[in-house]
Each structure stands twice: as structure tokens, then as C-alpha cells.
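To keep things clear, I will list the structure first and then write my remarks on it.
Side chains are part of it too, since the values below use all heavy atoms of this structure and drop only hydrogens, waters and symmetry mates.
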Amino acid sequence: MAVGAMKLHQAFHFSVFELTLLALLASAPAAAQLSPGFYSFSCPNAELLVRGAVRSASAMDSTVPAKLLRLLFHDCLVEGCDGSVLVQGNGAESSDPANKSLDGFYVVESAKRLLEILCPGTVSCADILVLAARDAVALSGGPSVEVPLGRRDGAISSASDVRPNMVDTVFSLDQLTQRFTSKGLSIDDLVVLSGAHTIGSSHCRTFSDRFQQTSNGSLVPADNSLDSNYAMELANKCFAGASDGTSVANDPVTPSTFDNQYYGNLLANKGLLHSDSVLVTDSRTRSRVQALAQSQEEFFASWADSFVKLSTVGVKTGDQGRIKVSCTSMNG
């Protein structure tokens, strides 16, 4: 073979190799295309800046960590972890009644504004939200989890997508499991990620199904799975006629600390929500609750694994999404 032809032959085979590699990368699951060091060169201070925003906001409002963690759950379960829950406006995910009580949007947006100055068009809102939720847990006493990055922002945010995908506080274990498995999460992930309720609070209406209103307007427990004294405490706080904004701590023992107390509460029949209580009343999950209640180290290790799984649900990478300038605007 002539030298010129041989070089052409070699070049042809090299280009085929390149094309094959590109095809393999394109067909790989989006989550596999994420990496912890995604912004190492393009925006090396991205994680530090997000952490600073979360720390500053939390110093002024101690409820911020729980709000950011809840935001991530509501984002990832609908359209995947793509920042679509952050969009504001009629018809957007945030406008659905199930999302009306969400808060903490401003923390993500403030971090985004700073990153757009330092690293314009580089860090997605989806990644900022994941980092903010991760840091919220760490600042509350929980583990600091290394999360893969490189998510792109979604182009869709529709309120009609919320109900078919979101979990409800009145769900049975079967319903909860079905909803989680549809997102690639296991029943074990369900138990572990429910531990997010070790911080934050819930409005009275979210557990009103566990009480009945008497003829004189007072509330009485209607759920025998609740500890009687705890049930009366809840009834006194969420009395008939209480404002819609009245809320109760998810964890009555250590409400602001991310720890494994949540599981101890479940074993003491002090799970605030019906969807909490089913984890201990059902034999399929009770033993796992007992194990996590006995070991905070095991809870933290399990949390790290399940949190990463949650944060990679339905992610968009490459040309599947975009990098928005404003997290609250659909066209930002």
C-alpha cells in the first residue's frame, strides 16, 4: 500500500474510532455523564459560592435548610432533577397547590446571580439546587455528601406534571413504593430519604386526616397508630380554626438537627405524617427503621448513597437541556 494511501487508511480508521466513542458517550445514561469535578476548570469556586449562600441565608433564617432540602425532593420527583420547580409563574410546577408552600427559592437565585457574574453561562440551576440541598444537610449536622455535577436545566415546567409524580402524605406504603420505584429508587431509598423529616415542619393540613372534628369544634385523634399523648399535643397546636400557616415540627425532639432521631420517633409512634407512620407499622420496612434508629453512622452512610441516587433522577446532560441565566424564569 502506498504511503499516502496508508495514511488515509489510518486516518479513516481513527475517525471511525472517534465516531464510535462519541456514539457510546451519547448513548450512555445521563447520570453516568455527571462527575464530582465537573466545574473544576470552568468554575472552580462554584461549590464554595453555593455553600456561602446557604450559610448566609441559614444564619438569618434557621428554617432555610429544611426548605432547600424539600425543594430538591419536589424538583427531582417531577421531570427529574432539572431545576424546573424553581420556575415561577402561572402554569409552572411551583404554582400547583402541592408546591404552594415551597420556599427557599431566593437562596438558589442569589447563588445563581453571583455565579453568573463570576462564571457566566456555566453552572446550571439544577446543580445549584442539588449543592444547596447537600449543604443544607451538612450545616444542620448531617453528612457532607460528594455529589456528581453537570446537570442541565430543563425546558419544561408544568403544573399538570406535579400530581401524577409527587408523593402525598396520605399514601400507603404500596403507593409510596410505587412512586419511588417509578423514579428508579428502591424501598430502602424510601426509608432512608424519609429521614429528611428529621428537620423542618409541616402545616396542620398535611396531617389533618389523622384527626376528627367534634361537634363543639375540637379535634380528637382518629389514628390509633399515633402515641396518645403526642396526638393530643398535635390536636392542641392544630386546633379547629387555626390559621392555614400553623405548622408543627416534623421531629419533636431535635427539630433543627439532622440526625437519626426521626427513626426513634417512628418507633415511639410519633411519626407526624401518615406517610411516616406506615414505615414502622409495615413489616417490610420496620426492621430498617429499627436499624437506622440504632445507628446514626449507618443512617449517614445510607443517606449519602440514597441522596446521590435521588439527585440523579431524570437528569439532563449535554444537549438535553441548557444553562439558564435566571432560575425563576422559564426563558431565563
Side-chain angles (χ1 to χ4, degrees), residues 66 69-70 72-74 76-78 98 142 163-212 220-235 238 248-255 258-310 313:
L69 187 53
R70 185 166 179 249
L72 180 68
F73 273 82
H74 282 240
C76 294
L77 292 180
V78 182
R163 293 307 173 97
N165 292 283
M166 189 56 57
V167 297
D168 197 296
T169 59
V170 299
F171 272 10
S172 66
L173 184 62
D174 285 337
Q175 291 173 306
L176 291 169
T177 302
Q178 187 281 325
R179 192 58 52 90
F180 266 60
T181 54
S182 72
K183 308 300 178 183
L185 300 170
S186 67
I187 191 170
D188 188 68
D189 294 320
L190 166 63
V191 179
V192 173
L193 292 172
S194 293
H197 286 167
T198 189
I199 56 175
S201 60
S202 297
H203 288 103
C204 294
R205 63 178 178 273
T206 61
F207 52 90
S208 60
D209 59 295
R210 313 191 79 178
F211 295 88
Q212 290 181 341
V220 294
D223 189 333
N224 293 330
S225 66
L226 271 179
D227 173 83
S228 57
N229 291 329
Y230 179 57
M232 289 310 301
E233 290 177 16
L234 296 177
C238 296
V248 175
N250 293 326
D251 177 353
V253 183
T254 55
F258 194 94
D259 55 20
N260 67 332
Q261 181 61 50
Y262 166 78
Y263 300 100
N265 295 338
L266 294 187
L267 294 173
N269 297 320
K270 294 182 179 180
L272 179 62
L273 308 173
H274 173 77
S275 54
D276 293 322
S277 292
V278 295
L279 300 180
V280 74
T281 56
D282 195 297
S283 60
R284 289 173 290 176
T285 48
R286 183 178 175 85
S287 60
R288 188 62 167 133
V289 169
Q290 291 172 325
L292 295 174
Q294 292 170 3
S295 174
Q296 182 157 286
E297 182 178 350
E298 181 175 348
F299 171 47
F300 281 6
S302 299
W303 173 267
D305 292 337
S306 294
F307 183 81
V308 170
K309 286 181 67 176
L310 172 68
V313 169

Residues N269 and S225: closest non-hydrogen pair is CB-O, 3.3 Å

**Asked** Side chains of D276 and L266: closer than 4.5 Å at any heavy-atom pair?
**Response** yes

query = How far apart are the C-alpha atoms of Q175 and V167, what are their side-chain angles, what is the distance that settles it, and do they pass the side chain to side chain contact (heavy atoms under 4.5 Å, CB included) test?
reply = CA-CA 8 Å; Q175 291 173 306; V167 297; over 6 Å; no

In this structure, CG of D188 is separated from NZ of K309 (nearest 0.5 Å) by 8.0 Å

Taken to the nearest 0.5 Å, the spacing of K183 NZ from L190 CG works out to 14.0 Å

Using the rule given for side chain to side chain contact (heavy atoms under 4.5 Å, CB included), can you reason through F307 versus L72, listing the C-alpha separation, both sets of side-chain angles and the distance that settles it, and then say yes or no?
CA-CA 10 Å; F307 183 81; L72 180 68; 3.5 Å; yes

Within-4.5 Å side-chain heavy-atom neighbours: R179 and L185:
no

Rounded to the nearest 0.5 Å, the CG atom of L279 sits from the CZ atom of R286 at a distance of 11.5 Å

Value for OH (Y262) from OG1 (T254), rounded to nearest 0.5 Å, stands at 13.0 Å

Modelled atom types, side-chain donor and acceptor of R284 and T177, under 3.5 Å:
no

- Task: Classify the side-chain pair S302/D305 by whether it contains a donor and acceptor separated by less than 3.5 Å.
- Result: no

Practice item. Side-chain contact test, heavy atoms from C-beta onward, threshold under 4.5 Å: evaluate it for V78 versus H74 and give yes or no. Key: no

Distance col, row R70:CZ vs H197:NE2, nearest 0.5 angstrom, shows 8.0 Å

Only residue of R210, M232, Q212 satisfying side chain to side chain contact (heavy atoms under 4.5 Å, CB included) with P221 is M232

If you define the side chain from C-beta out and look only at heavy atoms, does anything of C238 sit under 4.5 Å from F207? yes

- Item | Residue pair N250 / N265, side-chain heavy-atom distance below 4.5 Å | no

Q: Without swapping roles, check the side chain of T198 against the backbone of G195 for a donor-acceptor pair under 3.5 Å.
A: no

Sorted by chain and number, sequence neighbours left out, ring-ring contact (aromatic ring centres under 6.0 Å, His included) with F299 holds for F258, Y263

Using a 4.5 Å cut-off on heavy atoms from C-beta on, say whether the side chain of L310 contacts that of F73. yes

Item checked: Exercise: do D282 and T285 side chains pair donor with acceptor under 3.5 Å -> no

Trace of the side chain to side chain contact (heavy atoms under 4.5 Å, CB included) decision for L193 with W303: CA-CA 7 Å; L193 292 172; W303 173 267; 3.9 Å; yes

Can you check whether D251 reaches I199 side chain to side chain, under 4.5 Å on heavy atoms?
no

| query | Is there a side-chain contact between L234 and L272 (heavy atoms, below 4.5 Å)? | reply | yes

Q. Going through the distances and angles, do V289 and V191 end up as a side chain to side chain contact (heavy atoms under 4.5 Å, CB included)?
A. CA-CA 7 Å; V289 169; V191 179; 4.1 Å; yes

